[in-house]
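Right, one structure below, let's go through it.
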Amino acid sequence: MIACRIEPKGQIEPEGEGVWRSTGSDPQFRLTHPRGGRLFPFRLTGGWVRIRADLEGFGSTKAVPLLYVDDGSGFREEEAVRLEMRDGGIDDLVHLPRRVRGLRLDPLAASGRFRLARATLEPLPGPAAALAVARRLVARLPEEERGGGALLGRLARLALSRPPAALWRAFWDSARPRPAAASYAAWIAQVERPALPSPEAMRTAIAGFRLRPRISIVMPVYNTPKPYLEAALTSIRAQVYPDWELCLCDDASTAPHIAPMLDALAAEEPRVRLHRRTKNGRIVGASNDALALATGDWITLIDHDDVIPPHALFALVEALNADPQTDFLYSDEDKITVDGERYEPFFKPDWSPETLEACMYTAHLALYRRDIVARIGAFRPECEGAQDYDFVLRYTELATRVRHVPQVLYHWRAIPGSTAQAMDNKGYVVAAALRALEDRARRTGGLDSVRPTAFAGSFHLRRPLRERPLVSIVIPTAGRDSEVRGRTVDLLAACLASIRERSSYEALEIVAVDNGDLRPTTKAALERYGARSVTWDRPDFNVAAKMNLGARTATGETLVFLNDDIEVISPDWIEAMLALLQIPGVGAVGPKLLFESGELQHVGVTVIDATPDHPRRSYPREDPGHFFSTAGNRNYLAVTGACVMVRRGDFEGIGGFDEAFAVNYNDVDLCLRLRERSLRSVYCAEVELYHYESRNRARTVAADEQARFRARWAEKIPKDPYYSEWFEALPPTFELDPARF
């Protein structure tokens with residue numbers, strides 16, 4: 001057995017003995033000989049090897065280890081081996097090629113904290129390897145095939161159950177490299193590159209465009225390192241779409257290479273417009289001077305050290321030709337290291353107004369109509385550092401049609417100390433973003449509060465309540481007990497107690513919908529907490545019908561449908577949800593729901609292949625999500641009926657819950673029918689409630705309900721607009737899924 005030396009090679013920062021922090025989506029270690037030097041030139045020459053290591057992710061960090069083998073041709077993505085995890089660490093068999101020149105271990109495909117220690121390699125002779133593979137193969141068999149008894153007996157039964165060729169294929173595949181874990185490099189190679197149009201195809205398409213707008217590229221420049229500025233300018237000149245102008249403002253740079261570079265560019269490229277400041281104006285002053293040079297119909301913003309691919313402007317103009325009434329377009333983006341390596345893709349949701357108020361998600365690359373820009377004015381000095389966020393917030397208040405172009409059209413340079421690497425690097429950016437959001441709130445309904453979340457770059461914005469309507473909480477209940485924190489609890493009584501004792505909102509009405517068999521103690525709890533009940537007197541079990549009955553019995557103009565296994569955590573849960581519901585265009589609001597353990601149960605609902613599911617289910621409570629999808633308010637197709645707030649008028653306008661969905665999908669169906677009336681659903685990240693029963697309850701759906709849901713929605717919603725097709729679908733984790741590409 002060889003104890004390997006674990007050497008960090010990229011996107012890694014040490015935090016202690018065996019504890020590391022990944023600073024990007026592709027952390028890498030080299031496994032080398034404990035005495036240093038080249039890797040095992042004599043000891044490791046091919047064949048079966050057992051690899052083990054202590055590996056554990058902390059918090060929301062998920063360990064997905066990959067092993068790369070350099071056989072003399074370098075580390076290749078297509079040859080990566082996904083290693084299996086057992087008992088809190090790596091424990092797997094790998095068949096190495098004859099020649100091994102290096103081993104690389106990538107422990108995960110995300111940023112986060114983890115522990116990696118004690119990596120060992122154990123070369124196995126043929127018989128030992130065969131036995132280990134046989135044990136693994138048997139362990140993977142279905143229980144009905146596995147049987148009992150000794151290993152040889154089980155193998156004999158297995159040998160008789162399948163043709164020899166199938167048995168050999170299963171035996172070999174069980175220890176061959178499994179499909180590599182989702183890797184952004186693999187996505188680039190297998191999805192993005194094959195789909196890119198050739199320059200000739202783009203030029204042909206451009207010739208047929210009905211719209212050929214001039215795009216003004218606004219770029220302030222200040223002391224940019226020469227390689228990065230060269231890369232940025234080269235990427236713009238490489239654009240296949242030709243109708244652009246580059247509006248440059250040199251913000252009184254002191255670096256000696258800046259002026260000659262820009263002068264030479266302006267002399268040889270007629271599409272360049274150059275302005276020089278005599279005094280440094282910082283990012284806002286320089287951006288405004290560059291913006292003043294623009295003459296195009298559309299404007300885009302590019303930073304002086306970032307790059308765009310050659311098809312970027314073409315893709316945006318192609319989308320504009322498909323929908324000429326569009327006012328605002330934005331694309332997906334990723335980050336790029338100082339060495340030019342792309343990582344951390346941001347596959348964005350389609351237009352999401354509440355998401356934009358939680359984080360600057362549209363960012364780059366984006367197109368803005370110059371006539372609307374003229375109406376909102378230039379960048380504001382009071383938002384220096386978050387001037388682009390403030391700009392988008394003001395712009396989208398006038399834009400009526402927004403389009404997401406789901407292509408990675410911008411590479412954001414992550415230089416040490418930059419905002420691209422971490423917003424924590426520039427604290428003034430957070431303060432500026434808060435000012436931008438405060439002004440946004442004042443312009444659009446008033447300001448109650450704006451505060452950052454625990455994750456720099458995301459925010460909680462709340463507007464004051466215009467009115468404080470009577471809120472009716474409808475609770476369907478079976479009046480049952482359950483085990484909560486090790487003791488037996490009357491769920492309805494506990495739910496009522498938490499509402500009355502912890503809620504700060506006073507205008508509440510509670511209506512419980514029972515089955516006519518509540519116990520005296522539960523009835524006493526109803527009376528004690530000022531609730532009333534109505535009885536569902538039909539013999540069939542139908543949650544949707546019970547909720548509709550409760551809504552008809554209730555008198556409030558705002559309805560909250562609530563499971564009886566909910567416990568209030570946030571005292572202002574009603575106020576926070578009402579503040580979102582009063583926004584024009586919002587039809588349903590749901591909170592963050594936690595299991596008793598504190599892990600996530602609900603942070604929104606995805607609908608993929610006509611199948612609803614909960615993203616990030618069972619992730620830690622502190623999970624920020626994918627680009628703050630858990631930390632901040634976010635638009636989704638639906639929220640859960642375990643706690644959902646709607647206006648009575650909207651609820652009655654669509655006929656309430658569809659009672660054909662007696663048990664499942666009635667909540668998602670409700671949200672989707674509201675969506676057909678242009679009313680969107682919002683996950684309210686500020687509000688936390690416990691949801692006890694759902695963790696242990698079997699998650700089964702009747703076939704007839706599945707079929708009915710699919711028949712109604714499969715064609716209407718072929719894809720979830722808020723969840724990328726490249727992510728894992730079931731369960732939806734916001735992590736790249738290699739099976740989807």
Side-chain angles (χ1 to χ4, degrees), residues 11 13 21-25 59-61 110-113 283 301 303 305-306 330-337 343-349 352-366 379 382-394 396 408 410-441 449-462 592 603-604 615-616 619-635 682-686 722 734:
Q11 301 184 30
E13 291 184 359
R21 183 171 69 87
S22 165
T23 59
S25 63
S60 62
T61 302
S111 57
R113 296 178 66 251
I283 186 67
L301 312 174
D303 291 344
D305 50 5
D306 298 339
Y330 64 93
S331 77
D332 296 338
E333 63 187 87
D334 62 16
K335 294 177 182 175
I336 188 169
T337 67
Y343 71 102
E344 202 167 290
F346 185 8
F347 295 113
K348 302 173 186 176
S352 306
E354 283 66 51
T355 306
L356 184 63
E357 293 186 341
C359 65
M360 170 47 159
Y361 89 89
T362 59
H364 300 291
L365 187 66
F379 299 100
E382 54 267 42
C383 294
E384 178 90 38
Q387 70 287 334
D388 52 348
Y389 192 15
D390 173 67
F391 182 84
V392 171
L393 289 170
R394 291 183 288 128
T396 53
V408 178
Y410 196 89
H411 310 310
W412 196 10
R413 182 83 63 181
I415 300 172
S418 70
T419 310
Q421 194 170 70
M423 186 169 283
D424 291 339
N425 289 326
K426 295 185 177 180
Y428 72 91
V429 174
V430 174
L434 289 171
R435 286 192 291 273
L437 286 166
E438 288 170 353
D439 290 346
R440 158 77 157 208
S449 63
V450 177
R451 57 188 175 87
T453 72
F455 304 96
S458 65
F459 308 91
H460 290 315
L461 180 154
R462 190 187 301 184
K592 178 186 294 183
V603 293
R616 313 288 276 196
Y619 276 61
R621 180 179 189 171
E622 299 79 14
D623 170 51
H626 177 70
F627 287 85
F628 313 121
S629 63
T630 303
N633 296 342
R634 197 178 195 276
N635 296 104
V682 185
Y683 152 65
C684 179
E686 275 190 285
Y722 305 109
F734 282 100

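In this chain, residues are counted from 1 in sequence order.
For E384 (side chain) and A432 (main-chain N/O), no donor-acceptor pair under 3.5 Å exists by modelled atom type. Judged by distance alone, with hydrogens and angles left aside, the side-chain atoms of N633 form no donor-acceptor pair with the main-chain N or O of A358 at under 3.5 Å. S449 contributes no side-chain N or O that, together with a main-chain N or O of R462, makes up a donor-acceptor pair within less than 3.5 Å. The backbone N or O of D623 lies less than 3.5 Å from no partner atom in the side chain of R616, so there is not a single donor-acceptor pair.
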Assess whether side chain to side chain contact (heavy atoms under 4.5 Å, CB included) is satisfied between M360 and V392, documenting all intermediate values. CA-CA 8 Å; M360 170 47 159; V392 171; 3.5 Å; yes
Test side chain to side chain contact (heavy atoms under 4.5 Å, CB included) applied to E686 and R451, step by step: CA-CA 11 Å; E686 275 190 285; R451 57 188 175 87; 3.1 Å; yes
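Atoms NZ and CD, from K335 and E344 in turn, are 4.0 Å apart once rounded to the nearest 0.5 Å. Rounded to the nearest 0.5 Å, atoms CZ (F347) and CZ (F627) are 10.0 Å apart. To the nearest 0.5 Å, atoms OG1 (T453) and CZ (F459) are separated by 7.5 Å. Distance check: L365 CG to H411 NE2 gives 10.5 Å after rounding to the nearest 0.5 Å. Between atom SG of residue C383 and atom CZ of residue F391 there is a gap of 12.5 Å, rounded to the nearest 0.5 Å. Rounding to the nearest 0.5 Å gives a distance of 7.5 Å between CG of D306 and CZ of R413.
Contact check for F379 versus D390: no side-chain heavy atoms found under the 4.5 Å cut-off. When side chains are defined from C-beta on, T630 does not count as touching P624, because their heavy atoms never get closer than 4.5 Å.
Closest approach of R440 and L393 over heavy atoms only: NH1-O, 2.6 Å. Residue Y722 comes nearest to F734 through the heavy atom pair O-CE2, 4.4 Å, listed as atom of the first residue, atom of the second, then distance. Taking both residues in full, the closest heavy atoms of F628 and C359 are given as CD1-CB, 3.8 Å, listed atom of the first, atom of the second, then distance. Between E357 and Y389, the shortest heavy-atom distance links the atoms C-OH, 3.7 Å. The minimum heavy-atom distance between Y410 and L301, with the atom names listed, is CE1-O, 4.2 Å. Counting all heavy atoms, side chain and backbone alike, K592 lies closest to A685 at CE-O, 4.1 Å.
If you run side chain to side chain contact (heavy atoms under 4.5 Å, CB included) between R634 and each of P349, S352, P615, only P349 comes through.
Between Y361 and F346, the ring planes lie perpendicular to each other; the angle is over 60°, past the 30° to 60° tilted range.
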